[in-house]
Visitor: 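I'd like to ask you about the structure that follows.
Sequential numbering from 1 along the given sequence is applied to the chain's residues.
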Amino acid sequence: MIIISVLFGFSGFAALTYQVTWIRELGSFFGIQVYATATVLTSFMAGLALGSWLFGRWVDRMAKPLLLFAVMEIILAVYAVSFPWIVDFIGNLYLQLAPANEGRILLSQFARFAVTFPVLLVATSLMGGTLPVLARAVTQKQVQLGGNISLLYGSNNLGAFLGGFFSGYIFLATIGISGALLVGCALNLVNAGVVFMLNSTPVPEDGSPKPAPGTQHYSAKRLMSSVNLGSAYTYPSRVTRIVLWVFAIEGFT
């Protein structure tokens, strides 16, 4: 659990390194920094939501969710080293698809957003999927749910804090955008390598680790879709929906 939490911290470090470098790299494309920042933040939050929802549903079908996390990290690493070419692709796509917008700044910025957002959403959705995937991998008992997710989420946010600080104040000034992207890429690959080593631990002949006596394995769908008080009471689904809407409004605010 500690090792996986550290890896998730590395993942958060890489994610915020990418976010800062994306804003810097796309600033010249948008021409106005605030539009580049808004586009990156929008794609980042949309990807976290979409990836969490999609992978939270898919991970229950995976026999080895840790391996899925490793594959996601490898894809993010490839995306990172390819980002300069991705920016060129976005620019060329804009020139091909956008009408002439001389003198219409807002319209041209919307066109830039339209070609940039879906490209960034691919990577940010993978980032959003890492939490439910890891939660599924490490949680075998319902009583572990709160502690495990708190440790994972806290580690990820601590890594994100460090990634944002170091990329913004140190990496861009010393090793530049390309160097910062390589740092994030290296962390993603380290995560994948460690997970492959963890996954090589011998398992029983049926291919699945045997839970400890008296424990019950809960699916990610059950873990993420109910609010429980011990084992005696579960809130009705309508209450859960209200709580989720309140949480969404809090995020908007």
Side-chain angles (χ1 to χ4, degrees), residues 1-19 44-45 47-49 51-60 62-74 76 124-166 184 186-201 203 208-212 214-231 234-235 240 243-244 247 250-251:
M1 184 65 198
I2 297 300
I3 293 174
I4 292 174
S5 297
V6 171
L7 297 184
F8 204 33
F10 288 165
S11 183
F13 190 108
L16 262 291
T17 298
Y18 297 151
Q19 182 175 330
F44 202 86
M45 294 301 169
L48 294 183
S52 181
W53 178 70
L54 287 177
F55 284 93
R57 296 171 65 88
W58 293 340
V59 71
D60 288 336
M62 305 293 175
K64 298 181 178 180
L66 269 183
L67 285 184
L68 176 60
F69 173 73
V71 171
M72 295 163 74
E73 292 289 289
I74 292 172
L76 285 171
T124 58
S125 295
L126 289 172
M127 296 175 189
T130 53
L131 179 59
V133 168
L134 287 183
R136 173 67 170 82
V138 302
T139 302
Q140 290 189 330
K141 293 184 294 183
Q142 190 172 9
V143 71
Q144 298 172 328
L145 176 62
N148 284 357
I149 292 183
S150 298
L151 182 57
L152 289 173
Y153 192 66
S155 300
N156 188 253
N157 277 275
L158 177 61
F161 151 68
L162 294 173
F165 175 82
F166 278 95
L187 290 174
N188 290 141
L189 293 178
V190 166
N191 284 354
V194 174
V195 166
F196 283 130
M197 287 190 292
L198 289 176
N199 198 71
S200 65
T201 303
V203 296
S208 60
K210 295 185 183 300
T215 67
Q216 181 177 358
H217 198 91
Y218 285 81
S219 70
K221 189 172 183 179
R222 282 193 63 188
L223 291 173
M224 297 300 191
S225 64
S226 63
V227 182
N228 290 73
L229 294 175
S231 58
T234 300
Y235 285 108
T240 303
V243 171
L244 292 176
F247 202 38
E250 187 267 347

Visitor: Distance-only criterion, 3.5 Å: show the donor-acceptor pairs between side-chain atoms of residues 1-19 and protein atoms not counting sequence neighbours.
Guide:
unit_1 : atom_1 : unit_2 : atom_2 : d
S5     : OG     : M1     : O      : 2.9
S11    : OG     : E73    : OE2    : 3.3
T17    : OG1    : F13    : O      : 2.8
Y18    : OH     : G184   : O      : 3.1
Y18    : OH     : C185   : N      : 3.0
Y18    : OH     : N188   : OD1    : 2.5

Visitor: Could you pull out all residues at least two apart from Y153 that satisfy side-chain contact (heavy atoms from CB on, under 4.5 Å)?
Guide: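 For Y153, the residues satisfying side-chain contact (heavy atoms from CB on, under 4.5 Å) (neighbours in sequence not counted) are L131, N157.
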
Visitor: Which pair of heavy atoms, one from G56 and one from V59, lies closest together, and at what distance?
Guide: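 Nearest pair, atom of G56 first, then V59: O-CG1, 3.8 Å.
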
Visitor: Going from CG on L126 to CZ on F69, what distance comes out if it is rounded to the nearest 0.5 angstrom?
Guide: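 Answer rounded to 0.5 Å: 11.0 Å.
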
Visitor: Listed by chain and number, what are the ring-ring contact (aromatic ring centres under 6.0 Å, His included) partners of W58, not counting sequence neighbours?
Guide: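 Expected list: F55.
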
Visitor: Please report the interatomic distance CZ(F196) to CG(L66), rounded to the nearest 0.5 Å.
Guide: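 CG of L66 is found 10.5 Å from CZ of F196.
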
Visitor: Would a distance-only check, ignoring hydrogens and angles, find a side-chain to backbone donor-acceptor pair under 3.5 Å from T130 to M127?
Guide: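 A pair under 3.5 Å: yes.
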
Visitor: Looking at every heavy atom in both V133 and P65, which two are closest together, and how far apart are they?
Guide: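 The pair with the smallest heavy-atom distance is CG1-O, 3.2 Å.
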
Visitor: To the closest 0.5 Å, what do you measure between CG (L158) and CG (L162)?
Guide: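 It is 5.0 Å, given to the nearest 0.5 Å.
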
